[in-house]
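No experiment lies behind these values; they were computed from the predicted model shown.
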Amino acid sequence: KLPLTGQLLKVEGDVCVNSVKTAEDVDGLIVRLADISGKGGKFKLTFAKTVKCAKETDINENVIADVDIDGNNILADIDAYAIKTLLICF
């Protein structure tokens, strides 16, 4: 039985989660974020489960770079007015 309430992820920083979807070619989630301050900066995503891998991708989900993981936290930077796409594996 599923709980009545829950939280997939918590966001810290001046970013807005625009979408969350399953990845096209690998077993994982795609999370798209946008800078909402116009200044860019650091952000942190905390997931309900331990993160096994995190990658920055382009809009077509091609891997660009690794992203720092600390347990169930992802720590990254975003440029001013940018959209960032992350691949998250559990």
Can you name the residues that form a side chain to side chain contact (heavy atoms under 4.5 Å, CB included) with [X], not counting sequence neighbours?
X: Ala34; answer: Asn18, Ile83
X: Asp25; answer: none
X: Asp27; answer: none
X: Val26; answer: Ala23, Leu87

Quiz item: Could you give all pairs that pass the side-chain hydrogen bond (donor to acceptor under 3.5 Å, both in side chains) test and reach residues 79-90, with sequence neighbours left out?
Solution: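 Output for this query lists Arg32-Thr85, Glu56-Lys84.
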To check you understand the geometry: which heavy-atom pair defines the closest contact between [X] and [Y], and what is its length?
X: Cys53; Y: Cys89; answer: SG-SG, 2.7 Å
X: Ser37; Y: Asp35; answer: OG-OD1, 3.0 Å
X: Ile88; Y: Ala54; answer: CD1-CB, 4.1 Å
X: Ala76; Y: Val67; answer: CB-CG1, 4.0 Å

Sequence neighbours left out, what pairs pass ring pair (Phe, Tyr, Trp, His ring centres under 6.0 Å) with at least one residue falling in [range]?
range: residues 19-73; result: Phe47-Phe90
range: residues 5-37; result: none
range: residues 6-38; result: none

Practice problem: Using the rule that two of Ile, Leu, Val, Met, Phe, Trp, Tyr join whenever any of their side-chain heavy atoms come within less than 4.5 Å, decide whether Ile69 and Leu33 are in one cluster. | Solution: yes
Quiz prompt | Within one Ile-Leu-Val-Met-Phe-Trp-Tyr cluster: Leu29 and Leu86, side-chain cutoff 4.5 Å | solution =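 Hydrophobic grouping puts Leu29 with Leu86.
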Quiz item: Do Val51 and Ile74 touch side chain to side chain, with heavy atoms closer than 4.5 Å?
Solution: yes
Quiz item: Tell me, do Leu8 and Val20 make a side-chain contact under 4.5 Å, heavy atoms counted?
Solution: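 With C-beta onward as the side chain, the pair touches.
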Quiz item: In chain order, what residues pass the side-chain hydrogen bond (donor to acceptor under 3.5 Å, both in side chains) check against Lys21, with sequence neighbours excluded?
Solution: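 Result, side-chain hydrogen bond (donor to acceptor under 3.5 Å, both in side chains) vs Lys21: Glu24, Glu61.
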Practice problem: Could you list the residues that satisfy side-chain hydrogen bond (donor to acceptor under 3.5 Å, both in side chains) with Asn60, not counting sequence neighbours? | Solution: none
Quiz item: Does Asn73 offer a backbone N or O that forms a donor-acceptor pair with the side chain of Asp70 under 3.5 Å?
Solution: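 Side chain of Asp70 to backbone of Asn73, a donor-acceptor pair under 3.5 Å: no, none is there.
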Identify each donor-acceptor pair in which a side-chain atom of residues 10-17 lies under 3.5 Å from a protein atom, sequence neighbours left out, and give them as a table.
none

Exercise. Rounded to the nearest 0.5 Å, what's the gap from OG1 on Thr57 to CG on Asn62? Could you check?
Key: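 Reported value, rounded in 0.5 Å steps: 7.5 Å.
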Quiz item: Which hydrophobic side chains are connected to Val63, either touching it within the sub-4.5 Å cutoff or through other members that do?
Solution: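 Noted: Val63 shares its cluster with no other residue.
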